[in-house]
Amino acid sequence: MLDLSGPVLEEAPRLLGAVLRHGDVAVRITEVEAYDGANDPGSHSYRGRTKRNAVMFGPAGHLYCYFTYGMHVCCNVVCGPVGTPSAVLIRAGEVVDGLDLARSRRAGASDRDLARGPARLCRALDVQLSDNGTDLRSGPLTLTLGDRVDDVSTGPRVGLRGAPDRPWRFWITGERSVSAYRPAAPLKRDRRADLGS
DNA sequence: GTTGCGATGCGCT
DNA sequence: GCGCATCGCAACA
């Protein structure tokens, strides 16, 4: 029985090694980030409830999907008790079933890159904005927790501005399928300003 | 292996 | 209007 209603910082590492399945394609999760809505300037829910983030305020074990950068979908698993708008961003994983279908959705990518990155993972699994709010207990999307992963690394989250550094990114140590982005690069505009000053 | 940059559209102010 | 919880590709080392 999927129960993720504990504190998000305790639930996040439990998602490592879990399997997220959508139809014929399944991904073993290797990298996640925790977002603690109430106290977290990096969270979509930090400024209160909106139509978009309403799912985060609901029960744990549901999927929160959002659209970003004009072309990408990312997905989170809602954690914590009802009313606590916390979620865990699924950043990366390895495809463990439905390899051919995943490859066809990610033409040109190497197997290692199929689900390496939050938007890529959603594409490999064909998770769309319309899957927002899905209950992960009953499908068509399902989440199955695995055995606890012992070797977990932590570090700062990726790509956030306006949030203090908090080591709320978790990944399976040594996994090559974790995303390789540099943390929080400054804005292009800022870089230009630096050059000019 | 790294770095730079354009694409693109929804949600919020 | 503006700002993104980004990606993919080209160019370079």
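As a basis for the values below, the full set of heavy atoms in this structure was taken, side chains included, without hydrogen atoms, waters or symmetry mates. Naming convention: chains lettered A, B, ... in sequence-line order (proteins, then strands); numbering from 1 in each chain.
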- request: Send over the distance from A:Asp36 CG to C:dA5 C1', rounded to a whole Å.
  value: 15 Å
task: Treating a pair as Watson-Crick (purine N1 to pyrimidine N3 plus N6-O4 or O6-N4) or G-U wobble (N1-O2 and O6-N3) with both distances under 3.5 Å, list the stems of 3 or more consecutive pairs that involve DNA chain B.
output: B:1-7 with C:6-12, B:9-12 with C:1-4
task: Tell me, please, whether A:Tyr35 has A:Arg157 positioned over its six-membered ring: NZ or CZ under 6.0 Å from the ring centre and within 45 degrees of its axis?
output: yes
message: Can you measure A:Met56 atom CE to C:dA5 atom C1' for me and round it to whole angstrom units?
response: 10 Å
- request: Grab the CG-P distance between A:Asp113 and C:dG8 for me, whole Å please.
  value: 8 Å
Backbone N/O of A:Arg116 and side chain of A:Arg120: donor-acceptor pair under 3.5 Å: yes
task: Find out whether A:Ser43 and A:Met56 are in side-chain contact, i.e. whether some heavy atom of one side chain is under 4.5 Å from a heavy atom of the other.
output: yes
- prompt: Is the aromatic ring of A:Tyr69 within stacking range of C:dC4, meaning centres under 5.5 angstrom and planes under 30 degrees?
  reply: yes
field: Heavy-atom side-chain proximity of A:Leu4 to A:Leu143 below 4.5 angstrom
entry: yes
- prompt: Do A:Trp168 and A:Glu33 have side chains that get closer than 4.5 Å, going by heavy atoms?
  reply: no
message: Does any part of the side chain of A:Arg91, heavy atoms only, come nearer than 4.5 Å to the side chain of A:Arg169, both counted from C-beta?
response: yes
- request: Take A:Asp97 and A:Arg21 through the test salt bridge (charged side-chain N to carboxylate O under 4.0 Å, His left out) and record every step on the way to the result.
  value: CA-CA 9 Å; A:Asp97 196 14; A:Arg21 170 175 290 275; 2.8 Å; yes
Report, one pair per line, the protein and nucleotides 11-13 of chain C atoms (nitrogen or oxygen only) whose separation is under 3.5 Å.
none

field: Side-chain heavy-atom pair A:Cys65, A:Arg52 within 4.5 angstrom cut-off
entry: no
message: Of the options C:dA5, C:dG8, C:dC7, whose atoms approach the side-chain atoms of A:His44 most closely?
response: C:dA5
- prompt: Would a 4.5 Å heavy-atom cut-off, applied to side chains only, mark A:Leu63 and A:Asn132 as touching?
  reply: no
task: Looking only at side-chain atoms of A:Arg106, point me to the closest of C:dT6, B:dA7, C:dG8.
output: C:dG8
- request: State which of C:dA5, C:dT6, C:dG8 makes the closest approach to the side chain of A:Arg120.
  value: C:dG8
I'd like a list of close polar pairs between nucleotides 11-13 of chain B and the protein, N/O only, cut-off under 3.5 Å.
from	atom 1	to	atom 2	distance (Å)
B:dC12	OP1	A:Thr50	OG1	2.1

message: What is the distance, to the nearest angstrom, from the CD atom on A:Glu31 to the P atom on C:dA5?
response: 16 Å
task: Let me know the distance between CZ of A:Arg157 and P of C:dT6, rounded to the nearest Å.
output: 12 Å
statement: A:Arg123 atom CZ is separated from B:dA7 atom C1', nearest whole Å, by 14 Å
Any N/O donor-acceptor pair, A:Tyr66 side-chain to C:dA5 base, under 3.5 Å: yes
statement: A:Leu121 CG to C:dG8 P, in whole Å, measures 12 Å
field: A:His72 NE2 to C:dG3 P, straight-line distance once rounded to whole Å
entry: 19 Å
- prompt: Is any side-chain heavy atom of A:Asn76 closer than 4.5 Å to a side-chain heavy atom of A:Val88?
  reply: no
- request: Could you tell me whether the side-chain ring of A:Tyr35 sits stacked on the base of C:dA5, using a centroid cut-off under 5.5 Å and a plane angle under 30°?
  value: yes
message: Going by side-chain contact (heavy atoms from CB on, under 4.5 Å), A:Cys75 matches just one of A:Thr134, A:Asp131, A:Leu121. Which one?
response: A:Leu121
- prompt: Do the non-hydrogen side-chain atoms of A:His22 and A:Pro140 ever get within less than 4.5 Å of each other?
  reply: yes
